[in-house]
Amino acid sequence: MSQDTSNAPEKAYHHFIHDEVEADLAAGKNAGRVHTRFPPEPNGYLHIGHVKAICVNFGLAQKYGGKCNLRFDDTNPAKEEQEYVDSIQHDVRWLGFGWDRLTYASDFFEELYGYAEHLVRTGHAYVCDLSAEQVAEYRGRLDRPGRESPYRNRSAEENLDLLRRMRAGEFEDGARTLRAKIDMASPNPNLRDPVLYRILRAHHHRTGDRWCIYPMYDYAHGQCDALEGITHSVCTLEFEIHRPLYNWLLDHLPVPHRPRQIEFARLNVTYTVLSKRKLLELVRAGIVDGWDDPRMPTISGLRRRGYTPEALRAFSDGVGVARFNSTVDKVLLENAIRDDLNRRARRAMAVLDPILVTLENFPADKLEWLEAVNNPEDPAAGTRRMPLTRQVWIERDDFREDAPKKYFRLAPGKEVRLRYAYCITCKEVKKDAQGKVIELVCTYDPQTGHGTTPDGRKVKGILHWVSAEHAIEAPVRLYDHLFAAQFPDDVPEGVDWKSNLNPKSLVKVAGPKLEPCLREALPGTHYQFERLGYFFTDPHESKSGAPVFNRTVTLRDSWANIEKREE
RNA sequence: UACCCGGUGGUGUAAUCGGUAACACAAGAGGUUUUGGUCCUCUCAUUCCAGGUUCGAGUCCUGGCCGGGUAACCA
């Protein structure tokens, strides 16, 4: 099992599945083996919810010196595609995990079919001629028992003949099914003679047109687990009610091994949706720019946004594993990436909404190079030099004509420091015809280099800036969460969940002014734009010498909190 | 309305055989700081309710209340 260890070791954590596994180990089960599997259906891209499932399954294998398979649950050819198979493998690897075996449920179609004949021969399954609607009707309701199918008591010989003819393609799609013979009165609907095989003429991404009958998830999953030697089949809570069927099948089949299903609560995160159906809808409707749009909660979207495998894994470990459905605050995800990038991202200056500052006592022909630290958290990152000239850009938000009480940035008559450079005092405000501030005339104090002041006066405000003469421009995209509502799914009857989309989830910055060193930013590089946030050069759209910056996440902004509170 | 599962601070998780509520994030207060970032310190719950067993209950029992899941020839 491979794992990226480029970062600090992740904190050890413990959850109830560890207890279960350890109890099995202590009881001497499975000859001390631990073997899990991550079983995605290749019908969409993996998202942050899968990150948790991946970390749990591969994590279990790592912790107990076991193995973990990647298994594609491809029993429904109508929905599954090779594109998804490829993206899933790529995402799992990128997250830092390597599987023991790569399998497909379809690898076992022949064995699965053999087991079906076994069930027929032993009188535990029958071919049913009821239509889908009739099956549903015969199944009864949640609070009412079902009725037995009139085909339930066919002889084993007849069933075997019909099953073989189903496989041979003698019947129309949907004409018959193979059903387990269990209990139509069971309070658990999964046990009311569940369908095991359906007739479906669809081209399968791996088996092509070899089969016209396909096993249902419930029938395939446990048997695949058994055939792969899986010891702990970890899945989400909604499969809990399927466990009796999972066990019933294993009880009635000559499987080589006995796996065990354990369920945990799937992950939910605020300000996003995590259902594949909805994500697909966003992609198909063109609301986002594909599965890897940086606003998508998909692994590929997060990657393009600038999230790192380490941050995603740390987030996953941090949310814990339990049997209680909960929704995690998205700030946990944001903090995970801030924490990681704080340590590794190089700093640079970028002014996104510029105002021109003219330093009236700075000679027009003077150019001064100032040393700036690349990463205060990592001395090995070294330093760089920034050019200072008579005119510089500063952030519009760093100037107020009428400064609020606790505002210690620039205002008329006030003094601030230009980071790594000198202290400046605002002398004059120039506006255009509409009253918009277009230029600030300031003086600089040449005695205030290197963070000092000659008289020891405190200058609290520190601004990022870029030389107007040297600034470069490049596309900068500010991403925010895709939905404006904390729980986008939570809409009243008849209201479209898409009405909760955040209209400002993507803002393209008009004329950013960037520090010249950023021109050389390579695709796929993390930066911190000081005082603003972490940015990532888009791996697809950046070209050498022409970077495109995606905002991964803003920096924590305690000033914004103060200002909000003061209102 | 049936069956199954669950309920610990604002959020998410902890708490060996029942032994006297921990951690992270958020929020608030303060300190350090040439990023209002980072970092450091402090503050913030009698564990859904009611009974019961016990020297002792978040952990066990009973009854309520609340939440989630389940009626695809989807996974």
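Chain letters run A, B, ... following the sequence lines, proteins first and then strands; every chain starts at 1. Any value given below was found using the heavy atoms of this structure, including those in side chains, with hydrogens, waters and symmetry copies removed.
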Run through A:F536, A:Y534, A:F549 and flag the one making a ring-ring contact (aromatic ring centres under 6.0 Å, His included) with A:H526. A:F536
Reckon A:Y407 touches a base, only the sugar-phosphate, or nothing at all at heavy-atom distances under 4.0 Å? base
Using 4.0 Å as the upper bound for N to carboxylate O, is an ion pair formed by A:R409 and A:E395? no
Whom does B:rU20 pair with, Watson-Crick or G-U wobble, provided both distances fall under 3.5 Å? none
Check whether A:E41 reaches the backbone of A:N76 with its side chain - one donor and one acceptor, N or O, closer than 3.5 Å. no
Pair A:Y527 and A:F535, ring centroids less than 6.0 Å apart: no
Less than 3.5 Å apart, any donor N or O on the side chain of A:Y104 or A:E80 sitting next to an acceptor on the other? no
Would you measure the distance from the P atom in B:rU47 across to the matching atom in B:rG31 and give it in whole Å? 36 Å
Work out how far the P atom of B:rU8 is from that of B:rA29, and round it to whole angstrom. 29 Å
Write down the distance separating the P atoms in B:rA15 and B:rC23, rounded off to the nearest Å. 14 Å
Check every atom of B:rC39, B:rC25, B:rU34 against the side chain of A:V331 and return the nucleotide holding the closest atom. B:rC25
Do any N or O atoms of the protein come closer than 3.5 Å to N or O atoms of nucleotides 1-3 of chain B, and which pairs are they?
unit_1, atom_1, unit_2, atom_2, d
B:rU1, O2, A:D143, OD2, 2.5
B:rA2, N3, A:L142, O, 3.2

Considering only atom C1', compute the distance from B:rA2 to B:rC60 and round it to an integer number of Å. 28 Å
Donor on one side chain, acceptor on other, A:N375 and A:R346, under 3.5 Å: no
Given that A:G140 and A:T448 both sit by RNA chain B, which one's nearest nucleotide is further toward the 5' end? A:T448
Roughly, in whole Å, what's the span from CZ in A:R243 to P in B:rG69? 18 Å
What nucleic acid atoms does A:K406 come within less than 4.0 Å of, heavy atoms only: base, sugar-phosphate, or nothing? base
Please report the distance, rounded to the nearest Å, between CG in A:L410 and P in B:rU35. 17 Å
Can you say whether a donor on the side chain of A:E240 sits under 3.5 Å from an acceptor on the base of B:rG6, or the other way round? no
Who is the Watson-Crick or G-U wobble partner of B:rU62, with both distances under 3.5 Å? B:rA50
If you measure only the distance, is there a donor-acceptor pair under 3.5 Å linking the side chains of A:H221 and A:R37? yes
Treating A:R551 as the side-chain partner and A:L532 as the backbone partner, does any N or O pair qualify as donor plus acceptor under 3.5 Å? no
Might you list the N or O atoms of the protein lying below 3.5 Å from N or O atoms in nucleotides 73-75 of chain B, with each pair's distance?
unit_1, atom_1, unit_2, atom_2, d
B:rC73, OP2, A:R139, NH1, 3.3
B:rC73, OP2, A:R139, NH2, 3.2
B:rC73, N3, A:G174, O, 3.2
B:rC73, N4, A:L130, O, 2.8
B:rC73, N4, A:A132, N, 3.0
B:rC73, N4, A:G174, O, 3.0
B:rC74, OP2, A:R198, NE, 3.0
B:rC74, OP2, A:R198, NH2, 2.8
B:rC74, O3', A:R198, NH2, 3.3
B:rC74, O2', A:N76, ND2, 2.9
B:rC74, O2', A:K79, NZ, 3.4
B:rA75, OP1, A:T75, OG1, 2.6
B:rA75, OP1, A:R198, NH1, 3.3
B:rA75, OP1, A:R198, NH2, 3.1
B:rA75, OP2, A:Y217, N, 2.8
B:rA75, O4', A:E41, OE1, 3.4
B:rA75, O3', A:D73, OD2, 3.4
B:rA75, N6, A:H242, NE2, 3.2

Measure from CG on A:L532 to C1' on B:rU35 and round the result to the nearest Å. 10 Å
With distance as the sole criterion, is a donor-acceptor pair present between the side chains of A:Y246 and A:D225 under 3.5 Å? yes
Specify the separation, in whole Å, of atom CZ of A:F315 and atom C1' of B:rA26. 14 Å
Taking the P atom of each, how far is B:rC39 from B:rA45, in whole Å? 25 Å
Tell me if the centroids of the rings in A:Y151 and A:Y138 come within less than 6.0 Å of each other. no
How many whole angstroms separate atom CG of A:N342 from atom C1' of B:rG37? 7 Å
Check: A:R338 side chain, B:rG37 base, donor-acceptor under 3.5 Å: no
Does A:R192 reach a base, just sugar-phosphate, or nothing at all? Heavy atoms under 4.0 Å. nothing
Separation of B:rA27 C1' from A:K564 NZ (nearest whole Å): 12 Å
Could you tell me if the ring centre of A:H204 sits under 6.0 Å from that of A:F109? yes
Could you tell me if the ring centre of A:Y84 sits under 6.0 Å from that of A:Y45? yes
Using a cut-off of 4.0 Å between protein heavy atoms and nucleotide atoms, how would you tag nucleotides 7-14 of chain B 5' to 3' with B, S and -? S---SSSS
Length of the CG-P vector between A:D398 and B:rG37, whole Å: 14 Å
When rounded to the nearest Å, what value does the distance between P atoms of B:rA75 and B:rG18 take? 43 Å
According to the Watson-Crick and G-U wobble definitions, with both distances under 3.5 Å, which nucleotide is paired to B:rC3? B:rG69
P gap between B:rG58 and B:rC48, integer Å: 10 Å
Indicate, with a heavy-atom threshold strictly under 4.0 Å, whether A:R409 touches base, sugar-phosphate, or nothing. base
Spacing between A:E263 atom CD and B:rG6 atom P, to the nearest angstrom: 10 Å
For B:rU41, the nucleotide meeting Watson-Crick or G-U wobble distances (both under 3.5 Å) is B:rA29
Among A:Y214, A:Y126, A:Y219, which one satisfies ring-ring contact (aromatic ring centres under 6.0 Å, His included) with A:Y197? A:Y219
Within the 3.5 Å criterion, strictly below it, is a donor on A:E263 or A:Q261 matched to an acceptor on the partner's side chain? yes
